[in-house]
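First comes the structure, then the notes that go with it.
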Amino acid sequence: MLNADPLVPRPKLVNAGLLARALDGLRPQVASPVEMWQRLTDQYVVDLDAVAALLPADEPETRWLPARD
């Protein structure tokens, strides 16, 4: 289910410069990358690949397998 109202037009951020400016504007208002994604997709039409390139990747913690004897 979408949170954003599909009938309300949202600004399009298709340029990397505009997207970076929007990210800088939202950074003080959000606490996590998840919340950043949520705000961006609720307020704007964005190129998800461009957002992924600008936001740091959240790498999972490495889980090592137990050593065999």
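Every value quoted in this text rests on a predicted model; they were computed, and no experiment measured them.
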Hey, quick one: are L54 and L48 part of the same hydrophobic cluster, counting side-chain heavy atoms closer than 4.5 Å, chains of contacts allowed?
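Cluster IDs for L54 and L48 match.
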
Would a hydrophobic clustering, with Ile, Leu, Val, Met, Phe, Trp and Tyr connected at side-chain separations under 4.5 Å, put V45 with L55?
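Looking at the clustering, L55 is in a separate group from V45.
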
Between CG on residue L23 and CG on residue L13, distance to nearest 0.5 Å
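It comes to 8.5 Å.
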
K12 side, atom NZ; D47 side, atom CG - distance, nearest 0.5 Å
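The NZ atom of K12 sits 12.5 Å away from the CG atom of D47.
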
Heavy-atom check, side chain of Y44 versus side chain of L19, under 4.5 Å
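Counting from C-beta outward, Y44 and L19 never come under 4.5 Å.
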
Could you walk me through whether D42 and Q38 pass side-chain contact (heavy atoms from CB on, under 4.5 Å), step by step?
CA-CA 6 Å; D42 282 350; Q38 186 69 38; 3.1 Å; yes

Minimum heavy-atom separation for G17 to N15, with atom names?
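Looks like N-OD1, 2.6 Å.
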
E35 and side-chain contact (heavy atoms from CB on, under 4.5 Å): which partner among L40, L26, V30?
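Testing each of L40, L26, V30 against E35, the sole residue satisfying side-chain contact (heavy atoms from CB on, under 4.5 Å) is V30.
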
Looking just at side-chain N and O atoms, do R39 and Q29 make a donor-acceptor pair shorter than 3.5 Å?
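Yes.
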
Check: M36 main-chain N/O paired with R27 side-chain donor or acceptor under 3.5 Å:
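It does not hold such a pair.
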
